[in-house]
Amino acid sequence: MSRSESNKGNKSSNRSKKEGGQKASGREGGTFRKKSYSRGNAPIKGNGNGQSSSNPDLIRLNKYLSNSGVCSRREADVLITAGSVTVNGKPVTQMGHKVKRTDEVRFDGRLLNPAKKEYVLLNKPKDFTTAARNEHGNRTAIGLISKATQVELKPVGKMDKNTTGLLLFTNDGELTKRLNSPKNGLRKIFHIELNKPLRSADLKKIQDGLLVDQKVVKVHDVSFVDNAPKTQIGMEIYSSRSKIVTRIFQTLEYEIVKLDRVVYAGLTKKDLPRGHWRYLTDQEIVNLGMIN
């Protein structure tokens, strides 16, 4: 018998042995499949901490710190490992630990808020209020930025219904508190239109410091607008007193026809038409954060 005939016989014998039982799988052309733990067929292992990764109520601790504005996620891992973070009063050093949004999370003793900080700058038109809700049919400035984010934002300070110009919205409570503080020396520039030309003597009074409600108001700069009627005034002021620009001119028996805030805390109206909004740049956020 030749070698090729012998090989054919052996193959035939092997096939006959398998016909009575289960056939082999894979390349042997069998009908049953062996268990395979390769790739996606591997058994699912528990994550060890009993926290479901798909639970929307849970958030990784490093992301919680990042959203709170403490640092980046990578830096947060270092702080967590160092034991600088507590959850419900207990230090947590485990990497990948998840917390509920209702948990009390502190960094170096400071209570954190996991909501991502957002900052939106609006060029407010006339006849829009800064009230949070639509009252008595009034249009609200918050309605103009409703598509900017799903996070609840609030205006920094107040602006009269008839006043136009820059209005900042944010959910950063600490920044809002600093910007509204009388001690921050916040720079604001207004374009003002009066009901009658401003007398040079009254302009000098404003420049020298005017007594308003028993207190002297110091104006950094005030002047007529170039190539415009004497009713057009530009004013740079650092005072945070309520409606102080309006009260300055009321003291001198002028009425303000138009009041437009063109600069606010270093933010400008450049490329921002009336009624439009934009997000602050990273650098603008950093600059605001440096205000004490």
Side-chain angles (χ1 to χ4, degrees), residues 69 117-132 139-149 151-194 206 212 217-226 228 232-249 256-292:
K117 302 294 189 300
E118 302 208 22
Y119 309 84
V120 174
L121 184 65
L122 171 70
N123 187 350
K124 189 183 89 65
K126 188 177 180 180
D127 296 329
F128 281 79
T129 72
T130 56
R139 295 177 294 180
T140 65
I142 194 71
L144 294 174
I145 65 164
S146 59
K147 295 182 179 180
T149 178
V151 176
E152 182 181 359
L153 304 181
K154 295 181 179 180
V156 178
K158 296 181 180 180
M159 183 178 283
D160 288 343
K161 179 180 177 181
N162 293 329
T163 301
T164 61
L166 297 178
L167 182 61
L168 179 62
F169 291 83
T170 183
N171 60 338
D172 188 338
E174 291 187 7
L175 176 65
T176 298
K177 184 177 180 180
R178 290 202 307 273
L179 295 182
N180 286 333
S181 172
K183 300 179 181 180
N184 61 29
L186 205 60
R187 179 172 178 255
K188 298 178 283 287
I189 296 179
F190 292 89
H191 182 185
I192 306 157
E193 181 178 344
L194 302 176
I206 299 173
V212 178
V217 178
K218 292 290 185 180
V219 174
H220 184 76
D221 191 21
V222 58
S223 62
F224 295 109
V225 175
D226 293 339
Q232 305 283 327
I233 312 298
M235 178 182 289
E236 181 177 352
I237 190 170
Y238 290 75
S239 174
S240 60
R241 291 170 61 180
S242 177
K243 301 182 180 180
I244 189 60
V245 176
T246 300
R247 291 160 72 185
I248 287 173
F249 288 99
I256 292 180
V257 177
K258 294 182 181 179
L259 182 60
D260 188 30
R261 187 157 68 184
V262 298
V263 173
Y264 176 76
L267 305 173
T268 72
K269 297 198 303 178
K270 183 180 179 181
D271 300 326
L272 188 63
R274 189 84 73 207
H276 290 244
W277 57 267
R278 67 171 178 85
Y279 301 108
L280 294 194
T281 65
D282 291 340
Q283 187 59 54
E284 287 172 333
I285 295 171
V286 171
N287 294 343
L288 289 178
M290 296 175 66
I291 297 175
N292 295 324

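Worth saying up front: this structure is predicted, and the values here are computed from it rather than measured. Note that the numbering runs from 1 along the sequence shown for the chain.
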Task: Polar side-chain atom of Thr163 near backbone of Met159 as donor-acceptor pair, under 3.5 Å - done: no
Task: Distance in Å, Asp160 CG paired with Ser242 OG, rounded so as to fall on 0.5 Å steps - done: 7.5 Å
Open item on the list: Within the structure provided, determine whether Phe190 and Val262 are in side-chain contact (heavy-atom separation under 4.5 Å).
Closed with: no
Task: Short side-chain to backbone donor-acceptor contact, Ser146 and Gly143, under 3.5 Å - done: yes
Open item on the list: What's the separation between atom CD1 in Ile244 and atom CZ in Phe249, rounded to the nearest 0.5 Å?
Closed with: 11.0 Å
Open item on the list: Is there a side chain to side chain contact (heavy atoms under 4.5 Å, CB included) between Val120 and Arg278? Walk through the geometry before answering.
Closed with: CA-CA 6 Å; Val120 174; Arg278 67 171 178 85; over 6 Å; no
Task: Validation row: Thr170, Leu280 side chains within 4.5 angstrom (heavy atoms) - done: no
Task: Sub-4.5 Å side-chain heavy-atom contact between Asn180 and Val156 - done: yes
TODO: Give, for atom CG of Asn123 and atom CG of Leu167, the distance between the pair rounded to the nearest 0.5 Å.
DONE: 10.0 Å
Open item on the list: Taking Glu174 first and then Lys117, would you say they form a salt bridge - that is, a charged N and a carboxylate O separated by under 4.0 Å?
Closed with: no
Task: Candidate list Leu175, Asn171, Thr281, Thr149, test side-chain contact (heavy atoms from CB on, under 4.5 Å), partner Tyr119, passing option - done: Leu175
Open item on the list: Are Val219 and Ile248 packed together at the side-chain level, in the sense that at least one heavy-atom pair is separated by less than 4.5 angstrom?
Closed with: yes
Open item on the list: I want to check something: taking the side chain as every heavy atom from C-beta on, are Trp277 and Leu121 in contact at a cut-off of under 4.5 Å?
Closed with: no
Open item on the list: Quick one, Ile192 with Val225, criterion side chain to side chain contact (heavy atoms under 4.5 Å, CB included). Give me CA distance, side-chain angles, the key distance, then yes/no.
Closed with: CA-CA 9 Å; Ile192 306 157; Val225 175; over 6 Å; no
Open item on the list: Quick check: closest heavy atoms across Gly275 and Pro125, and the distance to 0.1 Å?
Closed with: CA-CG, 3.6 Å
Open item on the list: What's the separation between atom CD1 in Ile142 and atom CG in Leu122, rounded to the nearest 0.5 Å?
Closed with: 9.0 Å
- [ ] Measure the NE2-NZ distance between His191 and Lys258 for me, rounded to the nearest 0.5 Å.
- [x] 9.0 Å
Open item on the list: Within the structure provided, determine whether Met235 and Ile206 are in side-chain contact (heavy-atom separation under 4.5 Å).
Closed with: yes
Open item on the list: Any non-hydrogen side-chain atom of Asn162 less than 4.5 Å from a side-chain atom of Asp127?
Closed with: yes
Open item on the list: Please check: side-chain N/O of Arg261 versus main-chain N/O of Leu166, any donor-acceptor pairing under 3.5 Å?
Closed with: yes
TODO: Examine distances only and state if a side-chain atom of Lys124 and a backbone atom of Lys161 form a donor-acceptor pair shorter than 3.5 Å.
DONE: yes
Open item on the list: Check this for me, if you would: do Lys188 and Glu236 make a salt bridge, where the nitrogen-to-carboxylate-oxygen distance has to be below 4.0 angstrom?
Closed with: no
Open item on the list: Evaluate Leu288 against Leu168 for side chain to side chain contact (heavy atoms under 4.5 Å, CB included), listing each step before the verdict.
Closed with: CA-CA 11 Å; Leu288 289 178; Leu168 179 62; 4.0 Å; yes
Task: Euclidean distance, Leu153 CG relative to Ile145 CD1, rounded to 0.5 Å - done: 5.0 Å
- [ ] Go through the steps for Leu267 and Glu284 under the test side chain to side chain contact (heavy atoms under 4.5 Å, CB included), then give the verdict.
- [x] CA-CA 8 Å; Leu267 305 173; Glu284 287 172 333; 3.8 Å; yes
Task: Salt-bridge criterion met for Lys269 and Asp260 (N-O under 4.0 Å) - done: yes
Task: Heavy-atom side-chain proximity of Ile256 to Leu194 below 4.5 angstrom - done: yes
Open item on the list: For Pro155 versus Phe169, what's the shortest heavy-atom pair and its separation?
Closed with: N-CD2, 3.5 Å
